Amino acid sequence: MQKLKTAVLVSGGGTNLQALIDYEAENKDKCPYEIVLVISDHKDAFALERAAKANIYSAICSPYAVMGAEKAKVSDRDTKRLAVSDAVLSLCKKNDVQVIVQAGWLTVLSGEILKVYEGKIINLHPALLPKFGGVGMWGHYVHEAVLAAGEKESGCTIHLVSAQCDGGKILLQKKVPVLSGDTPDTLYERIAPEEHKAIVEGLCMIAQKEMTTK
């Protein structure tokens with residue numbers, strides 16, 4: 001079975017990366033993807049240790065790593081985003097990556113990578129888009145906003161990545177109830193297992209689509 005070569009972009013602990021690694025390991029015959037590259041925009045991300053343990057090649061694409069410390073210090077946000085995006089694109093090309101998964105990746109991609117991988121980059125967002133999306137809406141900030149708004153349910157979304165932050169086509173969502181007395185932490189604990197399911201389901205969906213259209 002031909003598997004789709006996949007890059008996973010991460011920024012932190014990498015629990016969703018681990019879900020993808022575990023599914024691939026446990027379903028070797030039917031898993032439609034192969035993770036060939038893990039990229040982090042933070043040098044201390046624990047996700048890099050997960051990649052190493054799974055013998056997956058990894059790289060760091062922080063602004064400091066791809067631009068150098070002096071240039072990164074004086075560059076604006078958009079310049080740094082573009083430099084990171086171009087570095088990610090270069091690594092993906094070198095490793096023959098066919099699809100990209102943003103699994104807790106905090107840098108907004110921009111530039112050429114959005115054209116080269118149009119329709120082939122998916123992102124996991126920890127809320128039910130289109131609500132609670134956009135710049136600044138990540139991690140506990142999302143859960144705080146959900147609770148502050150008095151929502152009755154939350155969850156996670158897998159969507160295609162576009163030039164608009166969190167604005168691409170929605171592929172699937174998983175929902176959980178918001179309970180009385182919830183904190184951002186307790187809400188996250190309920191959503192996290194659904195994220196692990198959703199990211200595997202979303203990648204398998206894209207991989208199978210890519211293979212059937214070849």
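Please read these numbers as outputs of a predicted model, since none were measured by experiment.
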Identify, with sequence neighbours excluded, every residue that meets side-chain contact (heavy atoms from CB on, under 4.5 Å) alongside [X].
{"X": "P63", "answer": "M67, A72, K80, V84"}
{"X": "R77", "answer": "R81, V135"}
{"X": "D86", "answer": "L82"}

For [X] and [Y], which heavy atoms make the closest approach, and how far apart are they?
{"X": "I100", "Y": "C92", "answer": "CD1-SG, 3.8 Å"}
{"X": "G12", "Y": "A45", "answer": "O-CB, 3.4 Å"}
{"X": "M137", "Y": "G133", "answer": "CG-O, 3.5 Å"}
{"X": "E144", "Y": "P184", "answer": "CG-CG, 3.5 Å"}
{"X": "G139", "Y": "P126", "answer": "N-CG, 4.2 Å"}
{"X": "I158", "Y": "G202", "answer": "CG2-CA, 4.1 Å"}

Please check this pair: side chain of [X] against backbone of [Y], looking for a donor-acceptor N/O pair closer than 3.5 Å.
{"X": "N95", "Y": "L37", "result": "no"}
{"X": "S11", "Y": "L106", "result": "yes"}
{"X": "K3", "Y": "K28", "result": "yes"}
{"X": "T157", "Y": "L129", "result": "yes"}
{"X": "N27", "Y": "K30", "result": "no"}
{"X": "Y117", "Y": "V97", "result": "yes"}

Not counting sequence neighbours, list each pair that qualifies as a salt bridge (charged side-chain N to carboxylate O under 4.0 Å, His left out) and has a residue in [range].
{"range": "residues 95-123", "value": "K120-E210"}
{"range": "residues 127-142", "value": "K131-E151"}
{"range": "residues 42-69", "value": "none"}

**OP:** Could you list the residues that satisfy salt bridge (charged side-chain N to carboxylate O under 4.0 Å, His left out) with D182, not counting sequence neighbours?
**Re:** R190
**OP:** For K93, check salt bridge (charged side-chain N to carboxylate O under 4.0 Å, His left out) against everything at least two apart and list the hits.
**Re:** none
Under the side-chain hydrogen bond (donor to acceptor under 3.5 Å, both in side chains) test, residues paired with [X] that sit two or more places apart:
{"X": "K174", "answer": "E201"}
{"X": "D78", "answer": "none"}
{"X": "K197", "answer": "E194"}

Rounded to the nearest 0.5 Å, what's the gap from [atom1] on [X] to [atom2] on [Y]? Could you check?
{"X": "L160", "Y": "K169", "atom1": "CG", "atom2": "NZ", "value": "7.0 Å"}
{"X": "E153", "Y": "Q173", "atom1": "CD", "atom2": "CD", "value": "9.0 Å"}
{"X": "C31", "Y": "L203", "atom1": "SG", "atom2": "CG", "value": "7.0 Å"}
{"X": "L128", "Y": "C156", "atom1": "CG", "atom2": "SG", "value": "7.5 Å"}
{"X": "F132", "Y": "S154", "atom1": "CZ", "atom2": "OG", "value": "7.5 Å"}
{"X": "C165", "Y": "H125", "atom1": "SG", "atom2": "NE2", "value": "8.0 Å"}

Subject >> Plane angle bin for H143 and Y188 - parallel if under 30°, tilted between 30 and 60°, otherwise perpendicular >> reply: tilted
With a 4.5 Å cut-off on side-chain heavy-atom distances among I, L, V, M, F, W and Y, is there a chain of contacts connecting [X] to [Y]?
{"X": "I56", "Y": "W105", "result": "no"}
{"X": "I191", "Y": "L20", "result": "no"}
{"X": "L4", "Y": "I199", "result": "yes"}
{"X": "I122", "Y": "L109", "result": "no"}
{"X": "L172", "Y": "L124", "result": "yes"}

Subject >> 4.5 Å side-chain heavy-atom contact, L171 and I206 >> reply: yes
Original post:
Do the side chains of D22 and V200 get nearer than 4.5 Å, heavy atoms only?
Top reply: no
**OP:** For Y64, check ring-ring contact (aromatic ring centres under 6.0 Å, His included) against everything at least two apart and list the hits.
**Re:** none
Subject >> Criterion side chain to side chain contact (heavy atoms under 4.5 Å, CB included) on E34 and T6, from CA distance to verdict >> reply: CA-CA 6 Å; E34 176 190 5; T6 301; over 6 Å; no
